[in-house]
Amino acid sequence: MVGGGFWIVFEGGDGVGKSTQIALLSEWLRTADAGPRTVVTTREPGGTDLGRELRQAVMHGEHVEPHAEALLYAADRGHHVATVVRPALERGEVVVQDRYLDSSVVYQGVARGLGDMVERISLWATEGALPDLTVVLDMEPLAERMARDLDRVERETVAHAARIRQGFLDRAKLAPQRYAVVDASRPIADVAADVRSRVAAALQRVGGTSGFDADSPGVEPWGTP
Ligand code: TYD
């Protein structure tokens with residue numbers, strides 16, 4: 001924890017519902033009975049002007065060589081932590097962030113096979129900054145659930161998604177006190193309630209926020225099936 005703030009990161013494979021859960025949690029934190037908090041929602045890649053350019057380059061530009069890609073994510077991360085995350089935490093705010101270092105470790109380190117160096121360059125870029133809590137939204141990848149007569153390319157996509165999923169679960173196992181693995185295959189409101197209670201517990205652990213009532217939804221979860 002930095003300067004009385006609290007830093008929450010959401011991680012998980014593509015399409016697990018991070019944006020929805022980030023919006024719901026942020027709204028709850030802003031309106032929580034126990035004392036609303038100032039919340040900064042942000043993302044990687046792309047939480048700064050430089051980051052938006054890097055995001056464009058990595059995700060929508062020409063093919064980027066994997067090592068270069070890992071370095072671009074780390075560059076975005078270093079700048080983002082220094083200019084957005086740390087200042088907000090020092091002001092005592094809550095930062096709710098879409099993806100961080102574990103995305104690089106899992107997508108570049110594990111899935112692309114670049115190994116341990118990926119974590120080291122991110123830690124170097126951020127001077128070792130780690131979130132107070134990482135929420136892993138865990139769900140069986142859609143393709144796996146739909147798997148029928150897949151061709152070779154589709155099977156590779158399914159295997160890739162499975163490696164990503166397992167990568168995040170393995171990260172959470174390494175430091176269970178800093179992670180909350182939440183089953184994201186359930187209805188949005190159930191996932192949101194689980195996320196709230198894990199966040200409330202983590203906030204209590206760091207002190208000063210014992211009144212957070214995770215059972216109070218704060219706002220009506222939208223899009224509930
Ligand atoms: P994101 O914008 O979170 O989109 P999505 O809605 O698919 O989650 O992430 C975009 C992609 O960037 C996603 O496929 C994961 C990838 N990514 C990495 O490969 N490494 C990283 O370090 C980060 C932050 C993201």
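Whatever order the structure lists ligands and atoms in, that order sets their numbers, starting from 1. This one's a predicted model, so the numbers in the text were calculated from it and none came from an experiment.
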Of all the atoms in ligand 1, which lie at a distance below 4.0 Å from a heavy atom belonging to [X]?
X     : result
Asp14 : 5 (P), 7 (O), 8 (O), 13 (C), 14 (O)
Arg43 : 2 (O)
Glu44 : 24 (C)
Lys18 : 3 (O), 8 (O)

Would you mind telling me if ligand 1 is within reach of the side chain of [X], the backbone, both or neither, using heavy atoms under 4.0 Å?
X     : value
Arg77 : side chain
Arg55 : side chain
Asp98 : side chain

Check your understanding: Does CZ in Arg120 sit with more than 12 non-hydrogen atoms of other residues, nucleotides or ligands closer than 6.0 Å?
Key -> no
Check your understanding: Picking from Leu29, Thr134, Val95, what satisfies side-chain contact (heavy atoms from CB on, under 4.5 Å) with Ile8?
Key -> Leu29
Practice item. Counting heavy atoms only, name the option from Tyr107, Tyr100, Tyr73, Phe10 that's nearest to atom 21 (C) of ligand 1. Key: Tyr73
Check your understanding: Does the protein put a heavy atom less than 4.0 Å from atom 8 (O) of ligand 1?
Key -> yes
Point to revise | Within 45° cone of Tyr179 ring axis and under 6.0 Å: Arg171 NZ or CZ | key: no
